[in-house]
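In this text the structure is predicted, and so the values were computed from the model without any measurement.
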Amino acid sequence: MTAKMLRFVTLGRAMPEKRGAELRRHDFDEIYREFRPEEAANQASRCSQCGVPFCQVHCPVHNNIPDWLKLAAEGRLEEAYETSSATNNFPEICGRICPQDRLCEGNCVIEQAGHGTVTIGAIEKFITDTAWEKGWVKPVRPRRERRQSIGIVGAGPAGLAAAEELRRQGYQVTVYDRYDRAGGLLIYGIPAFKLEKEVVQRRAALLVEAGVTFTLNFEVGRDASLEELRRRHDAILIACGVYKARDIQAPGVGLHNIVPALDYLTASNRSSLGDHVPAFASGALDARGKNVVVIGGGDTAMDCVRTAVRQGALSVKCLYRRDRANMPGSQREVAHAEEEGVEFVWLAQPEAFVGGSGNADPYKLTGLRAQRIHLGIADATGRQQPRPIEGSHFHLPADLAIKALGFDPENLPEAMGAPGLELTRWGSVKLDWKRMATNLEGVFAAGDIVRGASLVVWAIRDGRDAAAAIQRYLMAKEAGLSATAAE
Ligand SMILES: Cc1cc2nc3c(=O)[nH]c(=O)nc-3n(C[C@H](O)[C@H](O)[C@H](O)COP(=O)(O)OP(=O)(O)OC[C@H]3O[C@@H](n4cnc5c(N)ncnc54)[C@H](O)[C@@H]3O)c2cc1C
Ligand code: SF4
């Protein structure tokens, strides 16, 4: 058994059969197979309880990992759950979708010594899923109610973590979201084969039970300006994420069947939630029976290629202008995609999109003219710059092209009616990190809108930090102190 196979077995994930470039048709789940309690205990007991827990240091919420591994190894799961949920509002979500190879597990001393990491994420998921099953997960019950109210813009992980922490302190919390469901990218971005939607929905329901009010289908900027919300609440948290998709400039980019990644993933997630999605039903956002080309090399691109495989695409290619070593997406995701039959076309970019003469729809995409790239000298950021190679064109047949080139922040001062809101040069909200505060009095921010597109666990960390900062601010205000005196 190779080291790689062993790792899949220890993760409890089905080892897929190797079938070359042929797409695997069966619907295997990314989500780890359920551990039996003794398996979880065995795995947890592999932790060496080392003096400096690098796993904890490299976990953005600084989970007390060695302690809950020890408790799990001893079968004391309720205590393990209490320890793990003390630092993380959604441990079962992080256990499923954190890129552990870059965070806790990548820094496990046993992994560094070449013996394969303790599968921290899978155990974290097991502990919290067990807690749900056994009824140990309870809505927060504040010891006393406080009259001040906080308006949170965005029901993604940053907003939800902040809502729970503020409610725990007894504040009145309203979460506004322009979508019809809470969860942000947890519900409509991340595919269901990585994160089951019920897992997100039961968390939102728990917050409702705790007394958090959700005002959905409410877009700040359209239904009320940020200024109006500031008048309604004692403090505001902006946790609206980043949604402006980066685009491609190339001839033919306006042809039919060239779609943004988030439209494609949202349609797939909505239909898995039972919604009727006309663009999915018509086939426009369904990869079934199509030759699919995904353009981009990040985690969103990986989610698109793997979704296309599961929808029954004829072929799935991923076109990326750098090489494997320089791609931003997780290497683990690339390995999974390759096992599923996705073909990576490294060091290549689209030069033009080609439409179908002879088709009933003259604007229908039939393929891409791509060109080869070589990596030139590094720029100021240290990354080698992609340079097209003259005369290196080649053709890729495609019935569906998905653009997954990343996201930038929307123009918030304009979109939310907050002209005074200060931004960084990247368009993210400018923050005084010590106070999680924007330049507007009583307005705080957290998650992707301050970090740029990042990770769920960082959004949770920011949401928790912002909640603590808001509490300090409100207590200082009540005591008649200035905003900064609270520190
Ligand atoms: C396809 C995809 C896959 C990903 N996979 C992973 C993964 O596997 N692991 C991982 O850790 N991270 C992953 N990420 C990143 C992760 O999802 C984000 O970092 C995280 O969700 C950010 O949380 P947030 O709360 O800041 O914003 P979001 O989750 O984006 O939530 C923001 C919310 O604000 C709402 N909103 C926006 N504007 C307004 C407005 N004007 N009025 C009202 N509401 C508004 C939105 O509707 C949304 O619900 C992925 C991202 C994408 C796009
Ligand atoms: S929250 Fe993420 S990084 Fe932290 S222990 Fe859990 S899986 Fe690892």
Side-chain angles (χ1 to χ4, degrees), residues 56-65 83-91 93-94 98 103-104 124 140 142 146 148-176 183-186 203 207 210 212 233-242 409 412 421-424 426 428-478 481-487:
Q56 181 170 359
V57 173
H58 288 271
C59 163
V61 288
H62 300 312
N63 272 338
N64 200 340
I65 301 164
T83 311
S84 114
S85 61
T87 46
N88 190 349
N89 299 74
F90 315 123
I93 294 178
C94 291
C98 268
L103 301 170
C104 53
E124 188 176 29
V140 294
R146 298 174 198 260
Q148 291 114 316
S149 81
I150 296 107
I152 297 180
V153 185
L160 296 183
E164 185 165 64
E165 292 307 300
L166 288 163
R167 193 60 206 121
R168 196 187 301 284
Q169 300 305 327
Y171 292 106
Q172 309 310 309
V173 180
T174 303
V175 181
Y176 300 91
L185 289 170
L186 300 177
R203 279 289 172 186
L207 289 175
V212 172
H233 297 284
D234 297 283
I236 295 289
L237 176 66
I238 303 177
C240 61
V242 291
L412 282 202
L421 183 67
E422 263 188 57
L423 303 180
T424 66
W426 298 280
S428 53
V429 169
K430 194 167 176 185
L431 206 62
D432 168 354
W433 282 93
K434 214 169 146 202
R435 296 188 298 121
M436 300 300 283
T438 71
N439 66 311
L440 302 178
E441 159 87 32
V443 180
F444 299 78
D448 279 6
I449 193 57
V450 289
R451 290 182 182 273
S454 177
L455 292 175
V456 169
V457 65
W458 278 113
I460 295 172
R461 161 76 189 270
D462 286 351
R464 294 172 67 89
D465 287 352
I470 291 171
Q471 186 179 10
R472 286 197 299 274
Y473 165 79
L474 290 175
M475 288 177 83
K477 204 169 154 192
E478 210 170 27
L481 300 171
S482 72
T484 43
E487 285 151 21

Notebook entry, point to check: Got Gln148 and Lys477 here, is their nearest side-chain heavy-atom distance under 4.5 Å?
Noted result: no

Next item on the list: With sequence neighbours left out, write down each residue that passes salt bridge (Lys or Arg N to Asp or Glu O under 4.0 Å) with Asp234, or none if nothing qualifies.
Entry: none

Next item on the list: Using the test ring pair (Phe, Tyr, Trp, His ring centres under 6.0 Å), find all partners of His58 that sit at least two apart in sequence or belong to another chain.
Entry: none

Margin query: If you compare all heavy atoms of Ile460 against all heavy atoms of Pro157, which two are closest, and at what distance to 0.1 Å?
Written below: CG1-CB, 4.2 Å

Next item on the list: Name all residues meeting the ring pair (Phe, Tyr, Trp, His ring centres under 6.0 Å) criterion together with Tyr171; count only those two or more places apart in sequence or in a different chain, and write none if there are none.
Entry: none

Next item on the list: May I ask you to say whether Arg168 pairs ionically with Glu165, meaning some side-chain N is under 4.0 Å from a carboxylate O?
Entry: yes

Margin query: When you compare the side chain of Cys98 with that of Leu455, does any pair of heavy atoms fall below 4.5 Å?
Written below: no

Check: Going from CG on Leu431 to CG on Asn439, what distance comes out if it is rounded to the nearest 0.5 angstrom?
Finding: 10.0 Å

Check: Given Val450 and Trp433, is the side-chain contact (heavy atoms from CB on, under 4.5 Å) satisfied, shown in steps?
Finding: CA-CA 10 Å; Val450 289; Trp433 282 93; 3.7 Å; yes

Check: Got a donor-acceptor contact below 3.5 angstrom from the Arg435 side chain to the Arg472 backbone?
Finding: no

Check: For Asn64, what residues pass the side chain to side chain contact (heavy atoms under 4.5 Å, CB included) criterion, not counting sequence neighbours?
Finding: Gln56, Pro66, Asp67, Thr83

Item checked: Side-chain heavy atoms of Leu421 within contact of Thr438, under 4.5 Å -> yes

Next item on the list: Determine, step by step, whether Val140 and Glu164 satisfy the side-chain contact (heavy atoms from CB on, under 4.5 Å) criterion, reporting the C-alpha distance in whole Å, the side-chain angles of both residues, the deciding distance to 0.1 Å, and the verdict.
Entry: CA-CA 7 Å; Val140 294; Glu164 185 165 64; 3.9 Å; yes

Next item on the list: Starting at CG of Leu412, measure out to CD of Glu422 and round the result to the nearest 0.5 Å.
Entry: 13.5 Å

Checklist line | Residue list, side chain to side chain contact (heavy atoms under 4.5 Å, CB included) with Ser85, at least two apart or on another chain | finding: Tyr81, Pro91

Next item on the list: Would you give the length of the straight line joining atom CD1 of Ile449 to atom OG of Ser454, rounded to the nearest 0.5 angstrom?
Entry: 12.5 Å

Item checked: Asp462 side-chain N/O to Gly447 backbone N/O, donor-acceptor pair under 3.5 Å -> yes

Note to self: Run the side-chain contact (heavy atoms from CB on, under 4.5 Å) test on Leu207 and Arg167 for me, step by step, so that the C-alpha distance in whole Å, both residues' side-chain angles and the decisive distance to 0.1 Å come before the verdict.
What the structure shows: CA-CA 9 Å; Leu207 289 175; Arg167 193 60 206 121; over 6 Å; no

Next item on the list: Report yes if the side chains of Cys59 and Ile65 come closer than 4.5 Å at any heavy-atom pair, otherwise no.
Entry: yes

Check: Atom CD1 in Ile152, atom OG1 in Thr174: separation rounded to 0.5 Å?
Finding: 8.5 Å

Notebook entry, point to check: Can you name the closest pair of heavy atoms from Ser149 and His233 and give their distance?
Noted result: OG-ND1, 2.9 Å

Next item on the list: Return the minimal non-hydrogen interatomic distance between Val429 and Ala445, and the atom names on each side.
Entry: CG1-CB, 3.9 Å

Item checked: Minimum-distance pair of heavy atoms, taken over all atoms of Leu237 and Ala162 -> CD2-CB, 3.4 Å

Check: Considering all heavy atoms of both residues, which atom of Asn88 and which atom of Cys94 are nearest to each other, and what is their separation?
Finding: ND2-SG, 3.5 Å

Check: Any donor and acceptor pair, going by atom type alone, linking the side chain of Gln172 with main-chain N or O of Arg146 inside 3.5 Å?
Finding: yes

Item checked: By side chain to side chain contact (heavy atoms under 4.5 Å, CB included) - contacts of Ala235 (at least two apart) -> Ile150, Phe444, Ile470, Tyr473, Leu474

Margin query: Has Ser428 got a side-chain atom pairing as donor or acceptor with Gly452's backbone, closer than 3.5 angstrom?
Written below: no

Next item on the list: Test Asn63 against Glu124 for side-chain contact (heavy atoms from CB on, under 4.5 Å), laying out the working first.
Entry: CA-CA 10 Å; Asn63 272 338; Glu124 188 176 29; 2.9 Å; yes

